[in-house]
Amino acid sequence: MNAMHKFSYGLFVLTAQENGRDNGCIVNTAIQVTNDPKQVSVCVNKENYTTGMIERTGMLNLSFLNEDVTFDTFERFGFHCGKDVNKFEGFSDAKRSENGLYYLTKGTNAMISVKVTQSIDLGTHVMFIGSVVEENVLNDVPSVTYQYYFDHIKPKPQQTAQKKKGFVCKICGYVYEGDELPADFVCPICKHGPEDFEPLS
């Protein structure tokens with residue numbers, strides 16, 4: 001099995017390099033165009049700094065994310081702008097392919113290196129079409145889908161508990177909800193008065 005068999009769906013980390021500077025971003029618009037020769041297309045937003053690097057150098061790598069990928073990979077490559085951030089600084093889960101570009105070794109199941117042969121302006125995006133010059137299968141862990149990402153990788157939002165205002169009976173635990181406890185209030189359960197109530201904590 002070659003790396004292209006893992007190309008049917010998924011999320012990818014696209015990496016590029018220019019003048020010794022490395023960059024990367026997450027894309028989901030990479031597809032195989034032809035099998036013989038092996039060619040792929042990748043769409044990248046023009047506002048992403050990786051786009052200009054690929055246009056000028058004509059090279060890119062794709063790391064195929066798998067179900068073992070952790071959220072910090074998405075934080076690093078998906079949520080940070082590449083202008084002032086070195087996305088590979090202190091990142092040990094990457095190595096260089098024969099073309100000198102990084103690819104991820106952890107949380108990925110395959111990688112390919114691409115020599116760009118054509119770029120097409122699509123308005124907000126640029127489509128890069130190129131020939132596969134290197135490919136490696138890293139493991140057999142299934143590729144990650146958006147559904148898997150949302151169900152198992154992306155942290156669930158924390159529910160903020162609404163703070164109740166009120167008073168609790170120290171004798172039986174009855175809770176009176178409100179800003180103030182009436183001076184003549186009597187607990188409906190144990191019949192104790194307001195002196196045996198304390199504010200809810």
Side-chain angles (χ1 to χ4, degrees), residues 1-32 40-55 57 59-116 124-128 130 132-158:
M1 189 201 298
N2 60 40
M4 308 303 280
H5 283 93
K6 298 182 180 291
F7 217 160
S8 56
Y9 60 87
L11 300 169
F12 313 90
V13 173
L14 172 121
T15 51
Q17 185 192 60
E18 184 181 28
N19 299 326
R21 181 177 174 221
D22 298 289
N23 207 341
C25 63
I26 291 178
V27 296
N28 68 335
T29 51
I31 58 171
Q32 183 175 351
V40 299
S41 71
V42 185
C43 281
V44 192
N45 193 306
K46 284 183 180 178
E47 294 182 6
N48 193 301
Y49 291 95
T50 313
T51 305
M53 297 170 86
I54 297 169
E55 284 180 316
T57 63
M59 293 188 302
L60 63 91
N61 278 3
L62 284 173
S63 303
F64 298 31
L65 297 178
N66 67 22
E67 291 181 355
D68 286 343
V69 67
T70 55
F71 187 67
D72 66 315
T73 299
F74 289 89
E75 286 185 300
R76 181 177 290 262
F77 293 101
F79 306 145
H80 292 297
C81 168
K83 183 178 180 182
D84 302 312
V85 176
N86 179 356
K87 297 188 180 186
F88 291 95
E89 185 176 4
F91 195 63
S92 61
D93 301 331
K95 61 190 281 191
R96 294 197 186 275
S97 57
E98 291 177 13
N99 64 5
L101 273 59
Y102 274 124
Y103 68 93
L104 304 192
T105 57
K106 187 177 177 184
T108 57
N109 57 27
M111 64 76 65
I112 60 172
S113 296
V114 177
K115 181 173 176 51
V116 175
T124 58
H125 289 65
V126 175
M127 177 187 286
F128 298 106
V132 176
V133 294
E134 182 183 354
E135 59 176 316
N136 289 310
V137 175
L138 305 177
N139 56 59
D140 291 327
V141 180
S143 295
V144 71
T145 62
Y146 264 128
Q147 192 62 51
Y148 190 91
Y149 167 75
F150 287 121
D151 291 345
H152 302 284
I153 298 173
K154 183 179 180 183
K156 303 292 184 282
Q158 296 295 319

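This structure is a prediction, so every number in the text was calculated from the model and none was measured. Numbers for residues simply follow the sequence, beginning at 1.
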E89 atom CD, over 12 foreign heavy atoms within 6.0 Å: no
From NZ (K87) to OG1 (T73), nearest 0.5 Å: 12.0 Å
Pairwise distance OG1(T124) to CD(E47) - rounded to 0.5 angstrom: 8.5 Å
Donor-acceptor contact present, side-chain N86 to main-chain F88, <3.5 Å: yes
K46 side chain to G52 backbone, donor-acceptor under 3.5 Å: no
Geometric class of the Y149/Y146 ring pair [parallel <30°, tilted 30-60°, perpendicular >60°]: perpendicular
From CZ (F150) to NZ (K156), nearest 0.5 Å: 10.0 Å
Point-to-point distance, once rounded to the nearest 0.5 Å, from CG of N136 to CG of N109: 12.0 Å
Side-chain donor-acceptor contacts of residues 21-28 below 3.5 Å, not counting sequence neighbours, with atom names and distances?
from, atom 1, to, atom 2, distance (Å)
R21, NH2, G82, O, 2.2
R21, NH2, K83, O, 2.8
D22, OD1, Q17, NE2, 3.2
D22, OD1, R96, NH1, 3.0
D22, OD2, R96, NH2, 2.9

Side-chain (K154) to main-chain (Y148) donor-acceptor, under 3.5 angstrom: no
Neighbour count above 12 (heavy atom, 6.0 Å) for K95 NZ: no
Identify every side-chain donor-acceptor pair in residues 61-69 under 3.5 Å, counting partners at least two apart or on other chains, and give the distances.
from, atom 1, to, atom 2, distance (Å)
N61, OD1, N99, ND2, 3.1
N61, OD1, S113, OG, 2.8
N61, ND2, S97, OG, 2.9
N61, ND2, L101, O, 3.1
N61, ND2, Y102, O, 3.2
S63, OG, L104, N, 2.9
N66, OD1, D68, N, 2.9
N66, ND2, T108, O, 3.0
N66, ND2, N139, OD1, 3.2

Check: L14 and N48 side chains under 4.5 Å, non-hydrogen atoms: no
Heavy-atom side-chain proximity of F128 to T51 below 4.5 angstrom: yes
Sub-4.5 Å side-chain heavy-atom contact between F12 and V42: no
Whether E134 side chain and E98 backbone form a donor-acceptor pair below 3.5 Å: yes
Gap separating the OG1 atom of T105 from the CE atom of M111, nearest 0.5 angstrom: 11.0 Å
Taking every non-hydrogen atom, the tightest pair across E55 and V126: OE2-CG2, 3.8 Å
